[in-house]
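Throughout, numbering of the chain's residues begins at 1 and tracks the sequence.
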Amino acid sequence: MARAMFEYTKTVLEKVSFNLELFKKELEKAVNRLLPYEIKELYHWLQDFTSNKPELHKCMALIENKKRSL
């Protein structure tokens, strides 16, 4: 079940990536719902996903802060 949530999170983030505010809101939800190892995995996925989307780089701070506290 947890894996399904992780995959669903990636799908949602891909779909809302056109809007910075929606992306940020969904990323915050994901960070609060996912397991610690999934947050680390999401961080690596986000690095790759946002590599050609500089407008989304600002959101990386949300997950970096949470990742550090794990």
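Contact between Y43 and I63 at its shortest, heavy atoms only, is CD1-CG2, 3.4 Å.
Rounding to the nearest 0.5 angstrom, the gap separating the CZ atom in F6 from the OH atom in Y37 is 9.0 Å. How far CD of Q47 is from CE of M60: 4.5 Å, rounded to the nearest 0.5 Å. Interatomic distance, CG of L46 versus CG of L56, reported as 9.0 Å (0.5 Å rounding). Separating the CG atom in L13 from the CG atom in L27 is a distance of 6.0 Å, to the nearest 0.5 Å. Taken from CG in L62 to CD in E28, the straight-line distance is 5.0 Å, to the nearest 0.5 Å.
Residues satisfying the side chain to side chain donor-acceptor pair (under 3.5 Å) test with E41, not counting sequence neighbours, are R3. For K29, the side chain to side chain donor-acceptor pair (under 3.5 Å) criterion is met by E26, not counting sequence neighbours. With sequence neighbours excluded, no residue forms a ring pair (Phe, Tyr, Trp, His ring centres under 6.0 Å) with Y8.
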Would you list the atom pairs, donor with acceptor, under 3.5 Å between side chains in residues 15-25 and any protein atom, with sequence neighbours excluded?
residue, atom, partner, partner atom, Å
S17, OG, E14, O, 2.9
N19, OD1, E21, N, 2.9
N19, OD1, L22, N, 3.0

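Side chain of E38 to backbone of L35: a donor-acceptor contact under 3.5 angstrom is found.
The side chain to side chain donor-acceptor pair (under 3.5 Å) analysis of residues 48-63, with sequence neighbours excluded, yields no pairs.
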